[in-house]
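Single-structure report; data block below.
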Number of protein chains: 2
Amino acid sequence: MGSKQMTEMLKGTLEGIVLAILAGQPAYGYEITARLRDQGFAEIAEGTVYALLVRIEQRGLVDVAKVPSEKGPPRKVYSLNAQGRTELEEFWKTWSFLAERIEQLHRTDAAPQDTATTEAGE
Amino acid sequence: MGSKQMTEMLKGTLEGIVLAILAGQPAYGYEITARLRDQGFAEIAEGTVYALLVRIEQRGLVDVAKVPSEKGPPRKVYSLNAQGRTELEEFWKTWSFLAERIEQLHRTDAAPQDTATTEAGE
DNA sequence: TACCGGTACATAGCAACACTGAATACCAAA
DNA sequence: TTTGGTATTCAGTGTTGCTATGTACCGGTA
C-alpha cells in the first residue's frame, strides 16, 4: 500500500478513524500510530498522526492529560469529549452516505465484469 | 450535506466515483455533474468536476472526443481507456481496504453507543 | 434588436489535509 | 559513549475540492 490513492483517500477519513479509536479508550500519539499499524495502516507517518491530534485538540474535540512515561518523554493522552463524540457521529453519517453510494457504483459498474475480463485485460 | 467533512472525504474518492461513472459509458462534464446530483451528491460544484476531468485526461486515464451540441458549445466526451480501467481497479482495491477497516471500527466503537433508536435498528 | 436562461467548459485563488524529513527529548543497555 | 526504542513537534511540499468568475453557444421572448 502507501499508494497516492490511499494518501488522498485518507483525507477526511483519518480523522474519523482516530476519533473512533479514541472513542474506545484514551490514547497518546505514539500509541495511536502503533494501533493503526496493527490494524493494517502500515504506511501512516507518525508526523501525520501528531499533526492531526494538534488539530482536533485545537478544535476542542478532545481533552488532553500529560502523563509521565517510564521510557521517554511525557505522553500526551487524548480522550474524546462530548464535542468529539458529536463530531464522530457526524463522521459516521457522512461516511455512511458516501460509502453507500460508492458501493452502489461498485455493484453497478462491476456488473459486466466477472472473474477474468475478456477484452482489454489491462 | 455539503459539510466540511464531506469535502475532505471526497478527496481521493471523487476521482474513483467519476472513473466508475465513465466505466459504465462515456460522458461529458456537464452530464457527469448532473448524474452526480441525481445520485445524491448535490453539493459537488461544476468547477470541481471539470478540474478533475482535466487531471485524469492529463494522466492519460481517458480518451476525449469533441462532439457538437444542439444546445450549446461542443461537448468534450470522455471515455475510460485501458489505463483508466487499471486505475479504477486500483481504486476499488484501495477503497475496499479502507472501507473494511473503517466498518470494523464502526462496529467496534458503535457497540457501547446508543442513539435515539435501538441499536438493532436494522 | 436586446435580453434572459439553460447548456457547456475553463480557471485563478483559497483552504484543508497527509507526507517528507528533520529535530528534540528521555531513558536503558551495549 | 553510542545505539536504539520511546515520544513529541514542526517547516515545507503536493494534491485536492471549493468559490467565484468568465467565456461561449443557442432558443425564446419582449
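Chain identifiers are assigned alphabetically (A, B, ...) following the order of the sequence lines, protein sequences preceding nucleic acid strands; residue numbering begins at 1 within each chain.
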Identify which nucleotide among [options] has an atom closest to any side-chain atom of [X], counting heavy atoms from C-beta outward.
| X | options | result |
| --- | --- | --- |
| B:Arg75 | C:dA16, C:dC9, D:dC18 | C:dC9 |
| A:Tyr78 | D:dT6, C:dA10, D:dT9 | D:dT9 |
| B:Lys11 | D:dT9, C:dC19, D:dT16 | D:dT16 |

For atom [atom1] of [X] and atom [atom2] of [N], their distance in whole Å:
| X | N | atom1 | atom2 | result |
| --- | --- | --- | --- | --- |
| B:Tyr50 | D:dG22 | OH | C1' | 14 Å |
| A:Tyr30 | D:dT6 | OH | C1' | 5 Å |
| B:Leu53 | D:dT16 | CG | C1' | 14 Å |
| A:Glu46 | C:dC17 | CD | C1' | 18 Å |
| B:Glu43 | D:dT19 | CD | C1' | 13 Å |

Which part of the nucleic acid, if any, lies within contact of [X], taking any heavy atom under 4.0 Å across all strands shown: a base, the sugar-phosphate backbone alone, or nothing?
| X | value |
| --- | --- |
| A:Leu14 | sugar-phosphate |
| B:Gly29 | sugar-phosphate |
| A:Gly12 | sugar-phosphate |
| A:Thr7 | sugar-phosphate |

Discussion item. Check this one for me: any side-chain N or O of A:Lys4 less than 4.0 Å away from OP1 or OP2 of C:dA18?
Written reply: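 No, no such contact exists.
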Fill in: N or O in side chain of A:Lys76 less than 4.0 angstrom from D:dT9 OP1/OP2
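So the side-chain polar atoms of A:Lys76 do come within 4.0 Å of the phosphate oxygens OP1 or OP2 of D:dT9, strictly under.
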Worksheet item: Hey, what do you get for OG1 (B:Thr108) to CD1 (A:Ile21), rounding to the nearest 0.5 Å?
Response: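 If I round to the nearest 0.5 Å, the distance is 10.0 Å.
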Discussion item. I need a per-nucleotide contact map over nucleotides 23-30 of chain C, read 5' to 3'. Cutoff is protein heavy atoms under 4.0 Å; write B for the base, S for backbone only, - otherwise.
Written reply: --BBS---
Fill in: Donor + acceptor pair across side chains of A:Glu103, B:Trp95 (<3.5 Å)
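A pair is found: one side chain offers a donor N or O, the other an acceptor, under 3.5 Å apart.
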